[in-house]
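Step one of this worksheet: look at the structure below.
Worth saying up front: this structure is predicted, and the values here are computed from it rather than measured.
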Amino acid sequence: MSIDTPEAGAAVPDISVVVIVYNDARRLPAAVRSVLDQTLRNVEVIVVDDCSTDGSYGVAQQLALGHPGRVRASRLAENSGGCGEPRNQGLAVARGRYVMFLDSDDTLEPNACRNMLEAADRTGADLVSGLCVRVHTDSRHDKRVPWYPWLYRSTRTVESIAELPDLFVFDTLSTNKCYRREFLVENELTFPRGIHYEDLLFSAQAYLAAGRITLIPNTVYFWHVVEKSTTKSISNRRHEINNFTDRLEIHRRIDAVLDQRGLDGLKLHKDIKFLKHDLVLYLRELPFLDDDYRHRFAELARGYVQDFPEEAYAELDRVHAICAHLLMREDWENLMPAVDTLINRNKISAPLVQREGRVYWCDQYLDDPKARAVMDVTGLGHHGKPLEGMFLRNLLTGYAVRGDLVVLEGAMVNPLHTVAADADLTAELEFRARRRSLQMFRFPVRTVRHEGERITWQAVVPLSARFRPLGVVDEVWDVRMHLTADGKRTTTRLTAGRVDLENAASVPVQPRLSRLVADRLEPQVSAKGHLAFRLTQQGTAARHGRAVVDRNLQGPAARTVKGSYRMLRAVRRDLASGARKVQVYHRMLRLLPVRKGTVVFESHLGRQYSDSPRAVHEELRRRRLPVTAIWSYSGARPEGFPEDAELVRRWSWRYLRALAQAEFWIDNQGFPLRLAKRPETTYIQTWHGSALKRMGFDEPTHRVMSEQEQRSYQEALDRFDHFVVRSEHDVRTLGRAYRLPEEKLLRTGYPRNDVLVRAARDHRAPDAELRRLAERLGVRPDRRVVLYAPTFRARPDGAVRAFEFPFDVERFAERFGDRYTLLVRSHYLNRVALPPSVADRVLDVTGEPDITPLLLLADALITDYSSVMFDYALLRRPLVFYAYDWEEYSEDMRGTYFDLLQEAPGPVARTEDELFAAVSDLPAVVTQYEAQLKEFVDKYGEYDRGDAAARIVDRFFGPAGEAR
Amino acid sequence: MTQREIFFVANEVNELGGVGRWQAQMARLLAERGHRVRIIGIAPPEVAMDIGEDPPFETLTLYDRRPPGRRRPRFPLGRIDPVVRRQEADMRVAAERMSRLFRAAASGAVIVVTQVWAMEWVAFADTAGHPVIGMSHESFDASRRSSRFARVRSHYKDVDRLLVLTQEDADRWVAEGLNNVGFMPNPLPLTPVAPSPRTEKVVASIGRLSHAKGVDLLLDVWAEAAPRQPGWILRIYGSGEHEGVLRQQCTELGLDDSVEWAGRTDDVTAALARSSVFVQSSRGEGFPLVLLEAMACGVPCAAFDCSPGVREIVADGEDGLLARHGNTSELARHLVRLMSDESLRDTMGEKARQNVRRFAPEVITRRWEELFDFLER
């Protein structure tokens, strides 16, 4: 049926919106309404019906009658089976300067057309694209998820899609876009017929043909989806594999266009996305399919993917590359665990093998060097982990229901034989509700057997009798298994796949709210492939009861209850919040008396028992002075703190009380800025290192703060009653940066460096404690020690960058391993992954709480811009600087106080070769830089004389009484 | 071109300050195009600005005295709190005066609400179907740090168009959930006849001596730059509460010989004619007009990249040099580059003069008219 043509002379619409419909009479009016209600009034709607059988066309015609001149309706003679042909037809009769597409079950944002038009007219773009938001219509809280929001962070215009390859590969929708109609016509852009994924091809062609593309951050399109709360059935999964053929066909057509235009860069980008994203979607289904389907899929995938260039694979991360490799070889046995790790990123799913100092996924494919490189998982660092730190794959191998008992069987992987054959093994299963942990049910696992590379187990769970869920808010229950081996515990989820859970029997249950809300428990598989259970209603009573509950859960009474519950939760959160605590703390300051003799110590915000506060504490202890020492710790448990000190958790109520009543505060970084200090308390700031980078008010971030912010910062700094410095350099830099008046400066040197000064002076053999440390770390007594302590690198957003060796640590070990043991200490937030090949020649000491003993142990130090150089210099031992990125480092935001290249008291290596050359002759370094080292210490550590702790204790805790 | 009735609704008709000056200039420009412009102020100005004896627009102020701040409903009364109800009733009475004007206006009229406080009254008025344009004259970050943030989000949510100063600021508001945001730059406040000859070895800074304008940072910048370019002086125009502290800092830094304190000036063009480089070290800016003025005079600028407004006006490396926010060393390096290289000054100065034409009053006025037409579609 043809469409009415409007009368000649009618105004040209700015935008024509083509709405397609197939058997969706119910929602069609809302879609059309969303266009008619646009703030841009000069729009027209063209409804194209794909030959519906439910009266959709009738609805469309009614709408056209009701809005003459603004809505037109037409219908295809026969059903086309897709979105393409209806859109083509709508496009053919559109009159607007621009065209947009809308599905009958979706809606446009009210300002969408205006915003698109404004952008299009302003920039002259052929194509404008805006943010699409997925609306989960069946979710409880109107869940909205933006679609690739990172592509739409800001308004931008490009002259070709080649400038935005991410847009090309990720945003393939045709509906969140506005096309210049002439542009579509000139380039003969239409949707393909008779194939799925038409959007992919249309979008690709449109992107490629567009001379100018504009992106706007505005939400333009609401894509309504029904989240499948029930999990996929086997037939769903098979259906997906069937669709794969269509998807590949479309991809091949797009590849042809890219090839024709010579756009190799874009093709590579698309290939990478295919490997990283598209393939994964199908790989997830493989564990649930039979070998036939797997084979078909592998064939199809292989046929397409084998033509990909090498570079496409280079971008894949380790696990991904392994999956691709195994898929090509149809190695299902090794592939399934790999897919598990692909979906559950930090899971260790294979037993792993160690060969010649490196760790591999499996012991096959190691003969071919390329395949060997793919299988090499040393970089993942699994070999360094203790059992408690491992998230292991635990495959469910059996599920059977016997009456009201459920029998579960499984096999857990035992990578690199971490669990010894003779270990004492126990296990239990834990059922926990997915929403809000209201209750937990635990059941012992009766059989646990060590079988080399796996640990098999069997549990008989009396669910019907012992499992009593509430029944209403806790429909879904996750299952975890806790295994304890020789006292070390690891938690696993149960991976389904091998066992057919779809046809598995359900178990009768009795919820606490009675069987009227639910009467059966069914197994299901979570999105990540893990076993979970769901409460369902089988009997009539249960089904009716549940319906009643559902109705009431949305009713006004329920809403009031939920409202008060949420309010109570908010109140509870508020009471525990920092702001509230600060308020109460300030009241404590006013009301509670000072407790004489109490000292609150803190080092590095509670992280360790270390540094100058520790040195002062030890001096106090040595003199047996009557002081009550309270140490602050952060984290779950205090480790490495002395037993005789009172320990308080940072930000706990006890911590706040202790601070409020203390006579002394001693720390090295700053107690929380928001906590004021009372005048009766003396705050001694020992600080933690001389400054290389600009600090305090010299730092740009502080300089540009508003007056209010600067005042608050100054107030926090004014709390210091005394500030320890070790040189006039400190006075000129830190003293000025923190605006410290002269009388607050304590020119005593750092208490933590006393031991370094004494070691340099006395030249004694290392004491028993140092020897114990060396032994504990695994330093061989016949080797000398070199400590590598670089400073951290920050990302542009300020976060600490992941640690990477700037030199080849294996080469270092090879060359110097027989002479030196290399200790590596990176920033405490970093993880250092050392290959097993360097074991016992290179040791990771990042976890050591105090660096001072490590400095004493080290015969030489390699660093870059860490302030540890100022302290280590006191020992007069060789210092080597590896400044491979000095320009970048010094030019960045914060700026520096001195030029390392000028002042360094040791060789400054800029390349790995220069570094190795310096390390190969350390005695030469000593002689060559002896004078410079002395000058360096005089300039930057003149007050470190070995008696800092003593002087501080004398002054504040001596018999002369405390002097403020 | 359609001749329209244009209403500006602001906190005050002629409050001394950036927004007041912008409003007077814009009203004048539109009136000169033949539109009938009326400025409605909610309250009388605290410090009045002179808008001339016979301005080409009409004015009206709703209140004789500044009305108190909006009362918040007290728990547990909520909306039925009589204090709140009374205040709203008062506001409705005042708003009714506007409603009468709006209703009487011919079709094609437009209402521009210059400030968000004024919007609270427009919300009570009957806008008679005319499009309402809201405005925010500060950067997104500045709004975010103040009480205006929440008020912009709630009061400007449903206006036909919210105009902010730059595309970047607009994008930030979109991220906050407002989908009706556009941007409109401020017009050049002056059209200099001849460019600065750029003969004097003077670096000029023009602005209030306040914390926000960062003159203390400027002195640190100068302390690094001056020694490398002897013979140049920094002339600081402007007055403010921090003058004493700044002069002291200047002396402490030993810069008394190379820094001149020129005090307030009303003739920006003349000041720029006597300089060769312009510097701005602000901690924050909306749409710094003084940069436009400097560029219009052909004086190349070096400034901190402190906000989207600065980035919108200056193209780094082309018509000016931008340093990372707060990085005094970098700004010093930029100044040294400009001071030491005459041909660079000339090229950039010329480029600046050309590029700044996109902010010429006629251009901006045209944009406004196009926007009015656009909103009718």
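Counting heavy-atom pairs closer than 4.5 Å to chain B, the top residue among A/N111, A/I216, A/N42, A/D121 is A/N111. When A/M705, A/R153, A/H702 are compared by the number of non-hydrogen pairs under 4.5 Å with chain B, A/M705 comes out ahead. Options A/L40, A/V220, A/T219 differ in how many heavy-atom pairs under 4.5 Å they form with chain B, and the most are formed by A/T219. Per-residue heavy-atom pair counts under 4.5 Å with chain A were compared for B/L178, B/V181, B/L217, B/L371, and the maximum is reached by B/L217.
Only the side chain of A/E109 comes within less than 4.5 Å of a heavy atom in chain B; its backbone stays farther off. Interface remark: B/D160 contributes backbone and side-chain atoms alike to the contact with chain A (heavy atom separation under 4.5 Å). Both the backbone and the side chain of A/S154 come within less than 4.5 Å of a heavy atom in chain B. Contact annotation for A/D14: only side-chain heavy atoms (C-beta onward) come within less than 4.5 Å of a heavy atom of chain B. Both the backbone and the side chain of A/E118 come within less than 4.5 Å of a heavy atom of chain B. With a 4.5 angstrom heavy-atom cutoff, A/R156 does not touch chain B via any of its atoms. Within the 4.5 angstrom heavy-atom criterion, only backbone atoms of A/T39 (N, CA, C, O) approach chain B. For B/T328, the part lying near chain A is the side chain, with the backbone staying farther off; criterion is any non-hydrogen pair under 4.5 Å.
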Walk me through it: do A/S712 and A/E709 pass the test side-chain hydrogen bond (donor to acceptor under 3.5 Å, both in side chains)? CA-CA 5 Å; A/S712 305; A/E709 290 165 327; over 6 Å; no
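Using cut-offs of 30° and 60° on the angle between ring planes, the pair B/W368 and B/F372 is tilted.
Between A/T157 and A/T214, the side chains place a donor N or O and an acceptor N or O closer than 3.5 Å (distance only, hydrogens not considered).
A salt bridge does not link B/E168 to B/R172: none of the charged side-chain nitrogens sits closer than 4.0 Å to a carboxylate oxygen. A salt bridge between B/R208 and B/E241 is present, with a side-chain N of the basic residue lying under 4.0 Å from a carboxylate O of the acidic one.
For the pair B/R148 and B/Y156, the NZ or CZ position fails the cation-pi test of under 6.0 Å to the six-membered ring centre and within 45 degrees of the ring normal. Cation-pi geometry between A/R739 and A/F697 is met: the NZ or CZ atom falls under 6.0 Å from the ring centre, inside 45° of the normal. Annotation: cation-pi geometry not satisfied between B/R161 and B/F374 (NZ/CZ under 6.0 angstrom from ring centroid, within 45° of ring axis).
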